Number of protein chains: 2
Amino acid sequence: MVTYCPAMVDTDQVFRALADPSRRFLLDLLFQRSGRTLGELERELDMTRFGVMKHLRVLENAGLVVTRRSGREKLHFLNAVPIREIHNRWIDKYTAHQVSALLDLKSSLESKTWSAKKRA
Amino acid sequence: MVTYCPAMVDTDQVFRALADPSRRFLLDLLFQRSGRTLGELERELDMTRFGVMKHLRVLENAGLVVTRRSGREKLHFLNAVPIREIHNRWIDKYTAHQVSALLDLKSSLESKTWSAKKRA
DNA sequence: ACAATAGGTGACCATTTAGTCACATGTCAA
DNA sequence: TTGACATGTGACTAAATGGTCACCTATTGT
């Protein structure tokens with residue numbers, strides 16, 4: 001019998017977890033480098049350890065973060081599956097191409113602006 | 001000068017807009033068929049007109065819904081661009097394949113369960 | 001054993017948020 | 001122009017949320 005699967009998530013918990021900027025920043029940190037401890041993450045936020053712990057639990061309950069204990073440390077990893085499910089909910093194959101093209105255009109414009117700034 | 005672009009969105013507003021189940025349901029309705037009026041959407045939710053209106057404004061401010069007036073009616077359309085940006089934030093090209101494969105597996109298992117149920 | 005370190009719990013407070021209502025504006029058609 | 005219809009505003013209440021703190025447990029190295 002399967003005891004855990006990264007694709008098993010509660011939709012509502014996922015969206016509520018993503019609603020907070022601190023939690024999104026935690027996901028950014030784990031996207032950058034997974035397998036961090038609570039203390040390590042705490043140092044990056046302007047908040048007490050308890051606040052960070054609370055946020056991490058919300059993320060874990062939502063399935064956006066999975067954890068593994070190692071001695072007295074708890075390692076946190078990013079799980080991207082719920083993110084992909086959000087995408088699949090409101091973007092079908094037909095509109096996906098248009099949207100991607102628009103965003104590519106946008107980022108290309110932004111990089112031009114950026115290099116213009118850099119030169120200035 | 002550009003006065004409007006579907007790719008111009010405030011990240012925080014997008015995530016907070018998606019945090020409510022009623023608002024996600026409104027997006028589902030507009031994903032199914034875009035260009036609906038307030039009254040039309042109101043009939044689908046178990047909520048007063050005012051509540052629905054408030055939710056639609058949140059979605060509009062987030063850029064997830066764009067509107068067009070037509071006489072005394074206001075038509076609402078889904079804008080998928082912010083959704084795609086969420087995806088791009090935490091899923092890179094390398095993990096995208098793994099995640100997609102996992103979700104394909106999941107949906108194939110679910111459809112098997114479903115047809116088994118149907119036969120029973 | 002001991003102190004230092006890493007993580008955890010429950011209660012608490014300030015702020016935000018969902019939903020409703022009385023009331024107001026603008027548009028259509030007879 | 002009159003009445004019906006579609007949408008909009010500001011104030012209000014009840015519930016949820018973010019963040020902190022005093023206090024607690026478990027693991028490590030000496």
Side-chain angles (χ1 to χ4, degrees), chain A residues 9-30 33-79 82, chain B residues 9-30 33-79 82:
Chain A
V9 292
D10 173 9
T11 310
D12 189 61
Q13 284 192 296
V14 172
F15 284 105
R16 279 198 285 111
L18 291 173
D20 184 88
S22 302
R23 288 195 287 264
R24 292 195 298 272
F25 183 59
L26 284 169
L27 292 184
D28 289 335
L29 290 173
L30 294 179
R33 177 168 53 82
S34 249
R36 305 207 203 196
T37 73
L38 167 61
E40 200 173 347
L41 293 165
E42 174 204 340
R43 267 166 247 139
E44 308 269 355
L45 297 228
D46 190 21
M47 192 187 302
T48 63
R49 182 171 56 89
F50 309 98
V52 178
M53 200 162 41
K54 230 173 181 179
H55 285 309
L56 284 173
R57 190 160 65 218
V58 172
L59 289 169
E60 191 175 356
N61 289 337
L64 285 159
V65 162
V66 293
T67 60
R68 205 182 66 216
R69 292 223 61 131
S70 161
R72 62 180 162 182
E73 293 186 331
K74 188 174 180 182
L75 306 177
H76 300 78
F77 301 85
L78 174 62
N79 176 27
Chain B
V9 291
D10 173 10
T11 310
D12 189 60
Q13 284 192 296
V14 172
F15 283 106
R16 280 199 283 112
L18 290 173
D20 184 88
S22 302
R23 287 194 287 264
R24 292 195 298 272
F25 183 60
L26 284 170
L27 291 183
D28 288 335
L29 290 173
L30 294 180
R33 178 168 54 82
S34 249
R36 305 206 204 198
T37 73
L38 167 60
E40 202 174 346
L41 293 165
E42 174 205 339
R43 268 166 246 138
E44 309 268 355
L45 297 228
D46 191 21
M47 191 187 301
T48 62
R49 182 170 56 87
F50 309 98
V52 178
M53 200 162 41
K54 231 172 178 178
H55 284 308
L56 284 173
R57 189 161 65 217
V58 172
L59 289 168
E60 190 175 355
N61 288 338
L64 285 159
V65 162
V66 293
T67 59
R68 205 182 66 215
R69 293 222 62 131
S70 162
R72 62 179 163 182
E73 294 186 331
K74 187 174 179 182
L75 305 177
H76 299 78
F77 302 85
L78 174 62
N79 176 27

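Numbered from 1 within each chain, the chains take letters A, B, ... in sequence-line order. If you're wondering where the values come from, they're calculated on a predicted model, not measured in any experiment.
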query = OP1 or OP2 of D/dT7 less than 4.0 angstrom from a side-chain nitrogen or oxygen of B/Arg57, does that happen here?
reply = no
message = If you apply the rule side chain to side chain contact (heavy atoms under 4.5 Å, CB included), what do you find for B/Leu18 with B/Leu64, and how did you get there?
response = CA-CA 9 Å; B/Leu18 290 173; B/Leu64 285 159; 3.8 Å; yes
inquiry  = Less than 4.5 Å apart, side chain to side chain, heavy atoms only: is that true for A/Leu30 and A/Phe77?
reply    = no
request  = Decide, yes or no, whether a salt bridge links A/Asp12 with B/Arg24 under the criterion of side-chain N to carboxylate O below 4.0 Å.
outcome  = yes
key: A/His76 side chain to A/Arg36 backbone, donor-acceptor under 3.5 Å   = yes
message = Across nucleotides 20-30 of chain D, 5' to 3', mark each nucleotide with B, S or - according to how protein heavy atoms within less than 4.0 Å reach it.
response = BBBB---BS--
Boundaries of the DNA chain C segment in contact with chain B, non-hydrogen, under 4.0 Å = C/dT17 to C/dC28
request  = For B/His55 and D/dT7, give me the distance from atom NE2 to atom P, rounded to whole Å.
outcome  = 17 Å
key: Nucleotide D/dT7, atom C1' - distance to CD of B/Glu42 in whole Å   = 11 Å
request  = Please report the closest heavy-atom contact between A/Gly63 and A/Asn79, naming both atoms and the distance.
outcome  = O-ND2, 3.0 Å
task = Decide yes or no on side chain to side chain contact (heavy atoms under 4.5 Å, CB included) for B/Thr67 and B/Leu56, but give the supporting numbers first.
result = CA-CA 10 Å; B/Thr67 59; B/Leu56 284 173; over 6 Å; no
request  = Using five pairs at either end of the helix from C/dA1-D/dT30 to C/dA30-D/dT1, determine the angle between the two local helix axes and round it to 10 degrees.
outcome  = 30°
request  = Provide, to the nearest angstrom, the distance between the CG atom belonging to B/Leu56 and the P atom belonging to D/dT7.
outcome  = 10 Å
query = Over how many whole Å does the gap from A/Arg16 atom CZ to D/dA15 atom C1' extend?
reply = 12 Å
query = Is there a donor-acceptor pair closer than 3.5 Å between any side-chain N or O of A/Arg23 and the backbone N or O of A/Arg16?
reply = yes
ask   = What pairs with A/Arg69 under side chain to side chain contact (heavy atoms under 4.5 Å, CB included), at least two apart in sequence or on another chain?
value = none
task = Could you note down all residue pairs passing side chain to side chain donor-acceptor pair (under 3.5 Å) where residues 37-47 of chain A supplies at least one of them, sequence neighbours left out?
result = A/Arg33-A/Glu40
ask   = When rounded to the nearest 0.5 angstrom, what is the spacing between CG in B/Leu27 and OG in B/Ser22?
value = 11.0 Å
task = Using salt bridge (charged side-chain N to carboxylate O under 4.0 Å, His left out) as the criterion, list what pairs up with A/Glu73, not counting sequence neighbours.
result = none
query = D/dT17 P sits how many Å from B/Asp12 CG, rounded?
reply = 16 Å
key: Atom-pair distance (CG on B/Leu38; C1' on D/dG8), nearest Å   = 10 Å
